[in-house]
J.: 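Here's a structure for you.
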Amino acid sequence: MPRAVVTGGSGFLGSHLCRGLLARGYDVIAVDSLLTGRIENIEELFADERFTFIHYDVTNYISVDGPVDAVLHFASPASPRDYLEFPIKTLKVGSLGTHNALGLAKAKGARFLLASTSEIYGDPLVHPQPESYWGNVNPVGPRGVYDEAKRFAEAISMAYHNVHGLDVKIVRIFNTMGPRMRAADGRVVSNFVDQAIKGEPLTVYGDGLQTRSFCFVDDEVRGIIGLLESSWNGPMNIGNPNEYTILELAEMVKEVTGSKSEVVFEPLPVDDPTRRRPDITLATRELGWRPEIDLRTGLTRMYEWFLKERSS
Ligand code: UDP
């Protein structure tokens, strides 16, 4: 059995990734500090003897017994609300944490997959964004703590590839949504679904004409595992290229939930990107990957999950 270490394994995306890897036949060791991850996300996996959880902060030296075939570094606050609350921890897990995860991969002769982000592109001047675009990031703005941490993480990962020959893959993840997002996560989809269920107004920041492209988590995980098992080295966008304005998203959430909530406008956060959409030519060519679940279906699944959570 191949053995994978997933840092951030009890987070929203990390916990789906652990399940995807277990289903694919990996033994999985999830490591998480539980800063923003949740034990509830992985509780049911404890019954599987192929799954191990280690409560640990990977900004410290990481030691794992036995052979490891893959290290997937997913530990980091990822919602703007979270990384604004924990700016130094975000910088540390993107820098020190990535260094430690790379060191583990090197010591074990494992392949390494870094969870990077569309935030690499900042407020993009090229649209849609191909991997070759260098981005438009404000290093000293509030989002810089996340964006620059991930940019550093990409740089050190490529340096380990170039200097040590480490097998390095970098997934640039665009807005991802689905079950197990925290209602209080602060991101737009979870906010809107939670607000719609509670009959509260949907909070649109700015004029709502900014765009995002939302990928359902099952599609995202399939792409990530495809990348992990491919021979590709370097960055690859994995995201859904269907682009929506935030106002369109609010309307769709109201339709899917049957909510009568009104839309209210609140100030746009500083440096909020105006548009975002992945160019997935590379993923389609190299992996044959493309998303299969549309936004309406994804929202419906998320809505059903939020309802179930509330009633349990
Ligand atoms: N947003 C919004 N209302 C909310 C939360 C977010 O209008 O309650 C907007 C936010 O300003 C941004 C977009 O939705 O333009 C996506 O925000 P999110 O925090 O989900 O992720 P981002 O793509 O900015 O990292």
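For ligands, and for the atoms within them, numbers begin at 1 and follow the listed sequence. What you see below is based on every heavy atom in this structure, not just the backbone, and it leaves out hydrogens, waters and symmetry mates.
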J.: Should side-chain heavy atoms under 4.5 Å link Ile, Leu, Val, Met, Phe, Trp and Tyr, which residues sit in the same cluster as M1?
T.: none
J.: What's in the same ILVMFWY side-chain cluster as F152, cut-off under 4.5 Å, chained through other members?
T.: V5, I29, V31, I54, Y56, V58, I62, V64, V68, V71, V93, L102, L104, F112, L114, I156, M158, Y160, L166, V168, I170
J.: Any ion pair linking R172 and E154 (charged N to carboxylate O, less than 4.0 Å)?
T.: yes
J.: Ligand 1: which residues have a non-hydrogen atom closer than 4.0 Å?
T.: P80, E119, R143, N175, G186, R187, V188, N191, F192, T203, V204, Y205, Q210, R212, I246, P269, D272, R276
J.: Can you list the residues that meet the ring pair (Phe, Tyr, Trp, His ring centres under 6.0 Å) rule with H99, with sequence neighbours excluded?
T.: none
J.: Indicate the atoms forming the closest heavy-atom contact of M181 with T176, along with that distance.
T.: CE-O, 3.7 Å
J.: Looking at P128, C215, S213, which one forms a side-chain contact (heavy atoms from CB on, under 4.5 Å) with P278?
T.: S213
